[in-house]
Amino acid sequence: RIHIRIHNTQTGGILHTAYLTRDNCLPTIEVLIRCNFNARVFVKSSHGTAKTTGLAKVLIAEMQKMYNRPLRVLYICNRRSNVKKACKDLDLDCYIDENGKVIPHVVQSSKRLGICEHSLHQLFDANHIATHFDIVLYDESENAHFDAYTLSNLNQDNLKQIMGAAKLR
């Protein structure tokens, strides 16, 4: 079962499916269109149910279609392997090279970026977020409490600023 909750609306529920597809994502997308994509979507489901390759991919495509321009997309996860895979699946720039080194100019200039939550400070220039994103995808957020001991308050504040600044412009 896949649980989907859309914050800022009265919508939510359980999809009785094992895998997210374009067809079973459309009701969620229709709700988001009605609220002009001004909402937070929370999805809880097992590993491998296509939250990224299904729902996120459809969401990005539908938003781009509606706004008739490329979206500024930020994908955040606590695992480098997930970031690398999502960058490939969602056609995003990866913040690290093949040797695991951060690529500063990519982080500072990309409009479609995948980054590990421990590197969020790289997105800031003189304490201001360098790029405002239209959509922020925060994957594996349920594991954030495990990282609470390793995340500094600064990184936590950075995440709050990024999420607060994310909106269609």
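Source: prediction; values computed, not measured. Along the sequence shown, residues carry numbers from 1.
- In this structure, Thr28 and Val31 have side chains that are not in contact, with every pair of non-hydrogen atoms separated by 4.5 Å or more.
- The backbone N or O of Ile135 lies less than 3.5 Å from no partner atom in the side chain of Arg72, so there is not a single donor-acceptor pair.
- With Arg112 contributing its side chain and Pro70 its backbone, the two residues share no donor-acceptor pair below 3.5 Å.
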Problem set entry | Residues Val58, Ile29; criterion side-chain contact (heavy atoms from CB on, under 4.5 Å); working and verdict | CA-CA 8 Å; Val58 171; Ile29 300 299; 3.9 Å; yes

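- Between Asp134 and Arg69 there is a salt bridge, since at least one side-chain N of the basic residue sits less than 4.0 Å from a carboxylate O of the acidic one.
- The two residues Leu113 and Cys94 make their nearest non-hydrogen contact at CD1-C, 4.4 Å.
- Closest of all the heavy-atom pairs between Gly114 and Leu92 is N-CB, 4.2 Å.
- Between atom CG of residue Leu32 and atom CD of residue Glu62 there is a gap of 10.5 Å, rounded to the nearest 0.5 Å.
- Proximity of a side-chain donor or acceptor of Ser109 to a complementary backbone N or O of His105 within less than 3.5 Å is detected.
- The SG atom of Cys77 sits 12.0 Å away from the NZ atom of Lys85 when rounded to the nearest 0.5 Å.
- Looking at every heavy atom in both residues, Glu117 comes nearest to Tyr138 through OE1-OH, 2.6 Å.
- Closest approach of Ala56 to Leu137, counting heavy atoms only: CB-CD1, 4.0 Å.
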For this session: Assess whether side-chain contact (heavy atoms from CB on, under 4.5 Å) is satisfied between Val83 and Ile115, documenting all intermediate values.
Result: CA-CA 6 Å; Val83 171; Ile115 192 166; 5.6 Å; no

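- One finds the CZ atom of Arg80 at 4.0 Å from the OH atom of Tyr95 (value rounded to the nearest 0.5 Å).
- In Asn68, the CG atom is not crowded: 12 or fewer heavy atoms of neighbouring residues, nucleotides or ligands sit closer than 6.0 Å.
- Judged by distance alone, the side chain of Asn99 and the main-chain N or O of Lys101 form no donor-acceptor pair under 3.5 Å.
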Problem set entry | Test side-chain contact (heavy atoms from CB on, under 4.5 Å) applied to Val106 and Asp97, step by step | CA-CA 10 Å; Val106 170; Asp97 64 19; over 6 Å; no

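- Contact between Met63 and Leu71 at its shortest, heavy atoms only, is CB-CD1, 3.3 Å.
- Put simply, the side chain of Thr52 reaches to within 4.5 Å of the side chain of Tyr75, judged on heavy atoms.
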For this session: Please lay out, stage by stage, how Thr53 and Leu90 fare under the test side-chain contact (heavy atoms from CB on, under 4.5 Å).
Result: CA-CA 7 Å; Thr53 57; Leu90 299 174; over 6 Å; no

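- Rounded to the nearest 0.5 Å, atoms CD1 (Ile96) and CD1 (Ile103) are 8.0 Å apart.
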